Amino acid sequence: MEHVFTYDTTLRDGEQCEGISLSLEDKLLIARKLDAFGIDCIEGGFPASNPKDIAFFEELAARPLSHAKLAAFGNTCKKDVPADRDAGLRDLVESGAQVATIVGKSWDEQVTRALQTTLDENLRMIADSVAHLKAQGMEVVFDAEHFFDGYRANADYALACVRAASKAGADCVCLCETNGGMLPFEVEDVVRDVVAQLPGQQLGIHCHNDTGCAVANSLAAVRAGARQVQGTVNGLGERVGNTDLLTVVADLELKMGFDVVGERSLKGLTNVSSYVAEVADAPVPPHYPYVGASAFAHKGGLHASAIARFPEAYEHVRPELVGNGARMVVSELAGKATLMQKAASLGLDIAGDDVDVQGILDDIKGREADGYTYEVADGSLALLIMRHLGTYQPAFTLESFRVIVDDREDVGALAKDAASEATIKIHVGDERFVATGEGTGPVGALDNALKMAILEGYPEVADIELVDYKVRLLDESQGPGAITRVTITTSDKYGSFGTIAVSENVIEASWNALVESIEYGLMRRKMLG
């Protein structure tokens, strides 16, 4: 199996994504995670551009990565400046990184208009920069910026740029699809020509996703002979993002027969995606290939029924190969097979002859018509099934609750000191409890008050934590009187789960979803030990 080298630029190009800002600790955590996964080269950023990146390179110089090579990113030397006197190149050499990645122009219009220099001087800048860094003992990756636009405008000059880098000793010449506007067949044709022009030279590909083709373009480049792929975890990057490197890794290994990270590491693909998403605070879209929560989810009744007998019909690869898992999604589209498999995954047996599975399905369908959606609410679904089975036992009963929101700052819409207080009266068995909790919002106050009220009877509730809260108006045309759907995500030591409730009153919907989150959390603690 031929190896394709992976080059990750999450810590530089990925951080240029709108809304992403990584701390030093974030960058170190991500770098070590990618290193353990088996990425070949990790680009750390500009080594002397800011204190954070300086500290990053210093930390990895003191405690190097175990597998990946560390790359420092910069530019070719400035126009009319000898390479050995260029401050930017000196920073690359002094960074302690094994690899220097330098970006240079390959589009003639960029040279004359952006750099405001001659085409010959640009070729000198490329060749001298590569040669100087090689003389300092560094591996060199030359990123040919706007190569595909340059090739389309003036193929001879674009090829002259990459030829200059190759002759100067570049270890890899990376063709950058900087604008993200090319299509796979165009990329494949251009890369094939460059392979013919530069025999024996390792070529890389760096794509952006403006046409939605970054992954496809990268695979097309590999088909044509490129053997290094640059990208970011989860496709983070400017505009609509970069090549999703994890999707490329899976496609190359599972679909095209290349060696990339190996079978064992590939099983950590989903974990790497989730880890970086958590550190970067950039959630993975559920429908992301291979690693998304819905990548192997089955909702249609026909699909779910067939999956047990012939999974290949609706799963292009086995989900465990990439560390993911199949899920049965219950909705009004579900059939009995779906519901039975889903119930089993929740630890509930509804396969017996005495269970009215169709009645449960009808109940689900009726509730979904009213605004419920159980796809994201395993906790509520489990409790609904238990009610049908007759095994549901409420942990407590409500006498009453009251929520007060107090805002004393008289500045109207600019007020920032509002606080909430909730008082709850409940019964646990034969005992009555009254508790008052505070929070920045009414749901937080209710959550605190409820836990205070039942803590004596259920001390394990201290480990159940509300981590996300979403509200949606189901009929926006009704304005404040619209039906409201509340979804709550709760975590405990076993993971996370969702609960859901619907009401015309957002506080009532919030309370009902909150109660189910506590009840399901207590129930599954008993089931799982």
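Predicted, not measured: the structure shown is a model, and the values here were computed from it.
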Contact summary for Gly44 and Phe56, nearest pair of heavy atoms: CA-CE2, 3.5 Å
How are the rings of His146 and Trp107 set to each other: parallel, tilted or perpendicular (split at 30° and 60°)? tilted
Residues 90-97 side chain polar contacts: donor-acceptor under 3.5 Å, at least two apart:
unit_1: Ser95; atom_1: OG; unit_2: Leu92; atom_2: O; d: 2.8
unit_1: Ser95; atom_1: OG; unit_2: Ala97; atom_2: N; d: 3.1

Can you tell me how far apart CG (Asn122) and CE (Met125) are? Round to the nearest 0.5 Å. 5.5 Å
Going by heavy atoms in the side chains, are Asn242 and Leu236 under 4.5 Å from each other? no
By salt bridge (Lys or Arg N to Asp or Glu O under 4.0 Å) - contacts of Lys78 (at least two apart): none
Regarding Lys134 and Glu139, does a basic nitrogen lie under 4.0 Å from an acidic carboxylate oxygen? no
Please state whether the rings of His3 and Phe5 are parallel, tilted or perpendicular, taking 30° and 60° as the class boundaries. perpendicular
Does the pair Glu465/Lys451 count as a salt bridge with the N-to-O cut at 4.0 Å? no
Does some side-chain heavy atom of Lys493 sit less than 4.5 Å from a side-chain heavy atom of Asp463? no
Looking at Glu121 and Lys79, is there a salt bridge between them, counting it only when a charged N and a carboxylate O are closer than 4.0 Å? no
Whether Arg32 and Asp35 form a salt bridge (side-chain N of Lys/Arg under 4.0 Å from carboxylate O of Asp/Glu) is what I want to check. no
Below 4.0 angstrom, N of the basic side chain to O of the carboxylate: do Asp251 and Lys255 qualify? no
Between Glu460 and Arg525, does at least one N-O distance fall below 4.0 Å, as a salt bridge requires? no
Please tell me if the side chains of Phe46 and Ile54 come closer than 4.5 Å, counting only heavy atoms from C-beta onward. no
Which one of His206, Gln230, Glu43, Lys69 satisfies the side chain to side chain donor-acceptor pair (under 3.5 Å) criterion with Tyr7? Glu43
Name all pairs fulfilling the salt bridge (charged side-chain N to carboxylate O under 4.0 Å, His left out) condition that reach into residues 232-247, sequence neighbours left out, sorted by first residue then second. Asp210-Arg239
